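What follows is a short report on a single structure.
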Amino acid sequence: MLKIKKGDTIYVITGKDRGKTGKVLRVSPTKGRIMVEGIALQTRHRRPRRAGEKGQRVTIPGMVDISNVKLLCATCNKPTRVGMHIEGGRKQRVCKKCGASVS
């Protein structure tokens, strides 16, 4: 089970985009990789679809390994590890630095 979900704000801790933050667009739990907006950008060359249309270069975000990012806590605004806490029979994600619930 991954502790980072779609829509979370993350902080990149290693790689060429170290220090950047972004929102998670897609999660691939089987591969252990995530897609973050503005991180690991790749350039794809798109062919023209119709006659008279020009080809173009499109920049899309690539996948990043989940071990290279940390969750950015909304309460303390720091990159943190994520813990699990059972409350009322439900698992909740918790910030390891300030103890606040991460929704």
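For the numbers below, each heavy atom of this structure counts, side chains included, while hydrogens, waters and symmetry mates do not. Because the structure is predicted, anything quoted here is derived from the model rather than measured.
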List the atom pairs, with distances to 0.1 Å, where a side-chain N or O of residues 71-89 and a protein N or O form a donor-acceptor pair under 3.5 Å, not counting sequence neighbours.
unit_1: Thr80; atom_1: OG1; unit_2: Lys96; atom_2: N; d: 3.3

Under the salt bridge (Lys or Arg N to Asp or Glu O under 4.0 Å) test, residues paired with Arg50 that sit two or more places apart: Glu53
statement: Result for side-chain contact (heavy atoms from CB on, under 4.5 Å) between Val69 and one of Val24, Ile13, Ile4 points to Ile4
- prompt: Does the side chain of Val27 come within less than 4.5 Å of Leu2's, by heavy atoms?
  reply: yes
task: Starting at CZ of Arg47, measure out to CD of Gln56 and round the result to the nearest 0.5 Å.
output: 13.5 Å
message: Surrounding NZ of Lys6 (heavy atoms of other residues, nucleotides or ligands, distance under 6.0 Å), is the total greater than 12?
response: no
Show which side-chain atoms of residues 31-45 pair as donor or acceptor with protein atoms under 3.5 Å away, not counting sequence neighbours.
unit_1: Arg33; atom_1: NH2; unit_2: Met63; atom_2: O; d: 3.1
unit_1: Gln42; atom_1: OE1; unit_2: Arg44; atom_2: NH2; d: 3.2

field: Steps toward salt bridge (charged side-chain N to carboxylate O under 4.0 Å, His left out) verdict (Asp8, Lys70)
entry: CA-CA 10 Å; Asp8 286 346; Lys70 279 189 174 183; over 6 Å; no
statement: Hits for side chain to side chain contact (heavy atoms under 4.5 Å, CB included) against Asn68, two or more places apart or cross-chain, chain-then-number order -> Thr14, Val64, Asp65
- prompt: Restricting to pairs with a member in residues 18-29, which pass side-chain hydrogen bond (donor to acceptor under 3.5 Å, both in side chains), not counting sequence neighbours?
  reply: Asp17-Lys20
